[in-house]
Amino acid sequence: MNDYQTRLRNALIDQHKLVFDYEKKRLRDEFAEHLNCPVCGSDRNSVYMRKDFFTFTQCAACSMVFLNPRLNNTATHAFYNSMWNSIYNELKFDATTASTALDDKINLSNLMSIGQIRPPRKGDSLLEIGSAKGYFLKKARDQGYNVYGIELNQKNYELTRREIGDTIFNKDLFDLKFEPEFFDVIYMRDVFEHVPNPKEMLQEIHRIAKKNCILYIEVPNIEGLIYRMVGEKHVVVFGFEHLNYWSPTTLSAVLSSTGFYVDKIMHASLDFNLRYLTSYLADQQFTAIQANPINPVLRTMLKVIQGICSLSPFQYLDNLILPWLANTLHRGSVIKVIARKR
Ligand SMILES: [Zn+2]
């Protein structure tokens with residue numbers, strides 16, 4: 001492990017020790033919040049998976065998978081302001097890395113698919129919730145949209161505000177009190193899995209959206225083949241930050257119950273290939289506390305497969321075949337849902 005990884009791992013262990021009772025192997029009472037299903041409100045659920053003492057349950061009524069119990073407001077706020085978060089942000093937000101470049105590419109392609117469904121008209125209002133460094137908003141502005149952004153990370157907020165202006169906010173959506181029926185497009189990528197009150201949030205989005213407004217949501221898909229194969233070893237299964245584990249069924253249900261209809265669901269599977277699969281199975285991921293208890297012989301075999309798949313001709317096929325399979329079976333690692341306000 002390099003220095004960055006060691007610092008990140010140690011900071012995560014510190015946070016884990018803070019909120020968990022290691023004797024009882026559960027969240028300390030003062031940090032725990034028990035809840036009913038965030039989609040349908042049912043109190044009937046069973047254990048879906050566990051990881052590092054976090055328990056993820058599945059609703060018996062609507063199949064929603066969610067963290068339960070989860071960290072309460074105080075503990076969540078402390079985690080987002082913890083040393084772990086600032087170390088993580090060094091790479092995620094502070095530097096121009098391969099992952100930033102990939103994010104930009106995905107955001108641009110999502111903007112293009114929105115344009116294909118509803119060609120941008122000059123003066124249309126577009127809101128991005130979780131606008132990061134503002135790449136999506138800059139591209140949207142170039143296409144003629146009036147752009148608005150919400151970004152809670154202070155550094156990103158300041159950076160984007162300098163570039164785009166005073167329509168970038170670092171406040172909660174509920175506190176901003178936008179005019180009713182204001183937006184033509186609302187965009188959220190890698191956000192909706194973090195939200196503690198998804199239904200209330202969609203109700204607020206419904207209030208500020210014009211009729212027929214496009215709501216674009218991209219989230220991990222817990223029914224994706226990658227999760228079927230690696231389960232809780234996946235880097236996305238992370239109780240400190242990811243509360244809700246959506247599927248096409250549960251995301252459609254919550255959208256429909258808040259006044260939206262689903263126009264289109266697209267699947268993407270950038271990490272459903274042998275390189276990622278072998279890594280999830282053989283390596284300890286940065287969101288995991290406990291070491292991966294894997295047989296050393298199996299680990300060596302997985303590493304050999306990983307090495308072969310990293311060679312250029314194989315890498316090309318590896319990026320093509322399994323993602324195509326998952327997307328064709330509608331079991332992508334990620335779903336991109338285009339909904340409209342009814
Ligand atoms: Zn439910």
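Keep in mind the model is a prediction, meaning the values are calculated, not measured.
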| request: Show the numbers, then the answer: is there a side-chain hydrogen bond (donor to acceptor under 3.5 Å, both in side chains) between N197 and E204? | output: CA-CA 11 Å; N197 48 355; E204 176 61 4; over 6 Å; no
| task | Go through the steps to decide whether L215 and L255 satisfy the test side chain to side chain contact (heavy atoms under 4.5 Å, CB included), and finish with yes or no. | result | CA-CA 10 Å; L215 170 60; L255 283 165; 3.7 Å; yes
| task | Please round to the nearest 0.5 Å and tell me the distance separating atom CZ of R28 and atom CG of L71. | result | 12.5 Å
| message | Using every non-hydrogen atom in the two residues, find where L126 and A140 come nearest and quote the distance to one decimal. | response | CD1-CB, 4.0 Å
| said: Would you say that L137 contacts S131 through its side chain, given a criterion of any heavy-atom pair below 4.5 Å between the two side chains? | reply: yes
| query | Is there a side-chain contact between Y216 and S113, using heavy atoms and a 4.5 Å cut-off? | reply | yes
| Counting only N and O atoms by type, is there a donor-acceptor contact under 3.5 Å from the side chain of D124 to the main-chain atoms of P120? | no
| request: State plainly whether one hydrophobic cluster holds both I265 and V65, where clusters connect Ile, Leu, Val, Met, Phe, Trp and Tyr through side-chain heavy atoms under 4.5 angstrom apart. | output: no
| task | For Y145 and D142, indicate whether the former's side chain and the latter's backbone hold a donor-acceptor pair under 3.5 Å. | result | no
| Pair N170-I150, side chain to side chain contact (heavy atoms under 4.5 Å, CB included): steps then yes or no | CA-CA 6 Å; N170 96 324; I150 298 177; over 6 Å; no
| If we ignore angles and hydrogens, is there a donor and acceptor under 3.5 Å between the side chains of D271 and H234? | yes
| said: One thing to verify: whether D3 and R7 come together as a salt bridge, which I'm taking to mean a side-chain N less than 4.0 angstrom from a carboxylate O. | reply: yes
| Which class fits the ring pair Y88 and W84: parallel under 30°, tilted 30 to 60°, perpendicular over 60°? | parallel
| request: I would like to know whether V262 and V337 meet side chain to side chain contact (heavy atoms under 4.5 Å, CB included); could you show each step before the answer? | output: CA-CA 7 Å; V262 172; V337 174; 4.0 Å; yes
| request: Classify the angle between the aromatic ring planes of F240 and F54 as parallel (below 30°), tilted (30 to 60°) or perpendicular (above 60°). | output: perpendicular
| Inter-residue atom distance R331.CZ - M229.CE, 0.5 Å rounding | 13.5 Å
| task | May I ask you to check whether Y22 and H16 place their ring centers less than 6.0 Å from one another? | result | yes
| task | Give, for atom CG of L159 and atom CD of Q154, the distance between the pair rounded to the nearest 0.5 Å. | result | 11.5 Å
| task | Quick one: do D104 and K133 satisfy salt bridge (Lys or Arg N to Asp or Glu O under 4.0 Å)? Show the steps, please. | result | CA-CA 10 Å; D104 291 351; K133 284 182 163 174; over 6 Å; no
| salt_bridge(D103, R189) N-O dist < 4.0 Å | yes
| query | What are the two closest non-hydrogen atoms of M188 and I129, and how far apart are they? | reply | CG-CB, 3.7 Å
| Flag, side chain of N72 to backbone of E30, donor-acceptor distance under 3.5 Å | yes
| said: If you compare all heavy atoms of N221 against all heavy atoms of P248, which two are closest, and at what distance to 0.1 Å? | reply: OD1-CD, 3.3 Å
| request: Taking N81 for its side chain and H77 for its backbone only, find out whether a donor-acceptor pair lies under 3.5 Å. | output: yes
| task | Over all heavy atoms of both residues, which pair between A282 and N292 is shortest? Give the atoms and the distance, please. | result | C-ND2, 3.8 Å
| CG of L108 to NZ of K139: how many Å apart, nearest 0.5 Å? | 6.0 Å
| Exercise: identify the closest heavy-atom pair between I217 and F192 | CG2-CB, 3.9 Å
| message | So, taking the atom named OG1 in T76 and the one named CG in L243, what distance separates them when rounded to the nearest 0.5 Å? | response | 7.0 Å
| remark: Result for side-chain contact (heavy atoms from CB on, under 4.5 Å) between R299 and one of D283, L281, T278 points to D283
| W246 backbone acceptor or donor facing N244 side chain under 3.5 Å | no
| request: Side-chain contact test, heavy atoms from C-beta onward, threshold under 4.5 Å: evaluate it for L329 versus W324 and give yes or no. | output: no
| task | Is it possible for you to say whether V236 and L251 belong to one hydrophobic cluster, with membership spreading through side-chain heavy-atom contacts below 4.5 Å? | result | no
| field | Closest non-hydrogen atom pair between I222 and S247, with its separation | value | CG2-CB, 4.3 Å
| message | Within the 4.5 Å heavy-atom criterion, are V237 and F56 side-chain neighbours or not? | response | yes
| query | Strictly by modelled atom types, are Y187 and N107 linked by a side-chain donor-acceptor pair under 3.5 Å? | reply | yes
| Taking C-beta and beyond as the side chain, do K210 and K341 meet within less than 4.5 Å on heavy atoms? | no
| Parallel, tilted or perpendicular: rings of F182 and F178 (30°, 60°) | parallel
| request: Determine, for E158 against R161, whether the closest basic-nitrogen to carboxylate-oxygen distance falls under 4.0 angstrom. | output: no
| request: Using a cut-off of 6.0 Å, state whether more than 12 heavy atoms not belonging to N295 lie near its atom CG. | output: yes
| message | Could you walk me through whether N212 and R342 satisfy the side-chain hydrogen bond (donor to acceptor under 3.5 Å, both in side chains) test, starting with their C-alpha distance in whole Å, then the side-chain angles of each, then the deciding distance to 0.1 Å, before giving a yes or no? | response | CA-CA 6 Å; N212 257 325; R342 273 202 297 267; over 6 Å; no
| said: I'd like to know if the side chain of H267 reaches the main chain of G332, judged simply by a donor and an acceptor atom lying under 3.5 Å from each other, with no hydrogens or angles considered. | reply: yes
| Can you hop from Y48 to I226 via hydrophobic side chains spaced under 4.5 Å? | yes
| query | What's the spacing between K336 NZ and M266 CE if we round to 0.5 Å? | reply | 7.0 Å
| Does the side chain of P220 come within less than 4.5 Å of E193's, by heavy atoms? | yes
| task | Decide side-chain hydrogen bond (donor to acceptor under 3.5 Å, both in side chains) for D43 and N36; before the verdict, give the C-alpha distance in whole Å, the side-chain angles of both, and the deciding distance to 0.1 Å. | result | CA-CA 5 Å; D43 60 359; N36 290 345; 5.5 Å; no
| I289 backbone acceptor or donor facing D52 side chain under 3.5 Å | yes
| request: May I ask you to decide if A339's main-chain N or O and D263's side chain share a donor-acceptor pair within less than 3.5 Å? | output: no
| task | Check step by step if side-chain hydrogen bond (donor to acceptor under 3.5 Å, both in side chains) holds for S125 and N146. | result | CA-CA 5 Å; S125 296; N146 290 335; 4.7 Å; no
| Does any non-hydrogen side-chain atom of E151 lie less than 4.5 Å from one of T160? | no
| said: Is any side-chain heavy atom of L202 closer than 4.5 Å to one of K199? | reply: no
| Shared hydrophobic cluster for V19 and M83 (ILVMFWY, side-chain gaps under 4.5 Å) | yes
| Would a hydrophobic clustering, with Ile, Leu, Val, Met, Phe, Trp and Tyr connected at side-chain separations under 4.5 Å, put I186 with L176? | yes
| Y148/F183 aromatic ring centres below 6.0 Å | yes
| query | Distance-only, no hydrogens or angles: does the E181 side chain make a donor-acceptor pair with backbone N or O of A209 under 3.5 Å? | reply | no
| request: Applying side chain to side chain contact (heavy atoms under 4.5 Å, CB included), run through F53 and K24 and close with a yes or a no. | output: CA-CA 9 Å; F53 307 158; K24 295 181 182 152; over 6 Å; no
